[in-house]
Amino acid sequence: MKVVFVGPSLPDAALLAGDEIAICPPAVRGDVLAAVEAGARAIGIVDGGFEYIAPVSHKEILYALSRNVRVFGAASMGALRAVECRVFGMVGVGRIYSEYASGLTIDDADVALLHGPAELGYKALTIPLVNVRATLDELERHQVLTKELRRALEAAAANLFFKARTWRAIVSSSDVPAADRQQLLCLLRSNEVDQKRADALALIEAVRAANDPLPAEVTWQFNKTFILPEKL
């Protein structure tokens, strides 16, 4: 059995994953442990609850790894946990994971966004900073934005709370002449790069391709030092 925990990063995951992968809501405390106990052999973590509920814990991920379960992370909470647990065998996927792993991105809140409930398809209401950066990178690469304007927009975005970060708010709070703001807003909206979605799609493919168990030496190291389920 293969399981992926995902929500706003890839709302249509169930349509894309096929029958071989079970799609579950964003992971919270105990979900990974429950998946292992239910027989999962590969687990992907994309999204996770964090503000009003206990997030998925490192210990349950380590427990999964100790039981020879492949665990992947990307895009959001999964990218954070993959960086924190990579030394134990969790596999990170995608640009966002790589930027956290390298130290280019540091703040956990850079992947956060405000979104609607599952019943409304997790509709995004704000923009995570990782998507802002990916969009600005692409526009700068195509020489549509100057380096100075790109830096100004990124700084404006970084100064906004994640629940208030929209393209309109970013443009309004940047040092751009009022006469140019509507044109800039249209440019940003029409060229938005959804990096979280791209990384979540890459994780789906990684989980789909996961067949091999963890190397024996990794499992042996876990069994020497780690954990019983009741201690999670």
So CD of Glu84 and OH of Tyr100: to nearest 0.5 Å the spacing works out to 10.0 Å
*Is there a path from Leu136 to Ile127 through hydrophobic residues (I, L, V, M, F, W, Y) whose side chains come within less than 4.5 Å of each other?*
yes
* **Residues Glu60 and Ser57: side-chain donor-acceptor under 3.5 angstrom** => yes
SG of Cys85 to CG of Leu62, rounded to nearest 0.5 Å, is 5.0 Å
With a 4.5 Å heavy-atom cut-off, do Glu37 and Tyr63 have their side chains touching? yes
Check your understanding: Does one hydrophobic cluster hold both Leu203 and Val83, with members joined at side-chain heavy-atom distances below 4.5 Å?
Key -> no
- Are side-chain heavy atoms of Val56 and Val28 found at a separation under 4.5 Å? no
- Query: With the threshold set at 4.0 Å, does a side-chain nitrogen-carboxylate oxygen contact exist between Arg197 and Asp12?
  - Reply: yes
Taken to the nearest 0.5 Å, the spacing of Phe162 CZ from Leu129 CG works out to 12.5 Å
Check whether any side-chain heavy atom of Leu139 lies under 4.5 Å from a side-chain heavy atom of Arg150, and answer yes or no. no
Check: Salt bridge between Glu51 and Lys163, side-chain N to carboxylate O under 4.0 Å?
Finding: yes
* Should Val91 and Val71 count as side-chain neighbours, where that means a heavy-atom distance under 4.5 Å? -> no
(message) For the CD atom on Glu205, are there more than 12 heavy atoms of other groups (residues, nucleotides or ligands in this structure) within a distance under 6.0 Å?
(response) yes
Practice item. Step through the shown structure and confirm whether more than 12 heavy atoms of other residues, nucleotides or ligands are within 6.0 Å of CD on Gln143. Key: no
| Presence of salt bridge, Arg95 and Asp137, under 4.0 angstrom | yes
Less than 3.5 Å apart, any donor N or O on the side chain of Asp110 or Thr105 sitting next to an acceptor on the other? no
**Asked** Do the side chains of Asn211 and Arg70 get nearer than 4.5 Å, heavy atoms only?
**Response** no
* Carboxylate-amine/guanidinium proximity below 4.0 Å for Arg151 and Glu154 -> no
*Do Asp194 and Leu201 have side chains that get closer than 4.5 Å, going by heavy atoms?*
no
When rounded to the nearest 0.5 Å, the distance separating CG of Leu80 from CD1 of Ile96 is 9.5 Å
Are Leu65 and Val36 connected, step by step, through hydrophobic side chains (Ile, Leu, Val, Met, Phe, Trp, Tyr) whose heavy atoms are closer than 4.5 Å?
yes
Taken to the nearest 0.5 Å, the spacing of Ile43 CD1 from Met1 CE works out to 7.5 Å
- Message: I'd like to know if Val69 and Met77 are part of one continuous hydrophobic network [Ile/Leu/Val/Met/Phe/Trp/Tyr, side-chain heavy atoms within less than 4.5 Å].
- Response: yes
Closest heavy-atom pair, Pro55 versus Phe50, reported as atoms and distance to 0.1 Å, is CB-CA, 4.4 Å
dist Glu140:CD -> Glu148:CD (nearest 0.5 Å) comes out at 9.0 Å
### Message
Could you check whether any side-chain heavy atom of Val46 comes within less than 4.5 Å of a side-chain heavy atom of Leu10, counting everything from C-beta outward?
### Response
no
| query | Would you say the side chain of Cys24 lies within less than 4.5 Å of the side chain of Phe5, judging by non-hydrogen atoms? | reply | yes
Between Trp167 and the options Thr126, Leu184, Leu185, Leu153, the side chain to side chain contact (heavy atoms under 4.5 Å, CB included) test singles out Leu185
query: Are Leu125 and Phe161 in one and the same hydrophobic cluster, where Ile, Leu, Val, Met, Phe, Trp and Tyr link if side-chain heavy atoms are under 4.5 Å apart?
result: no
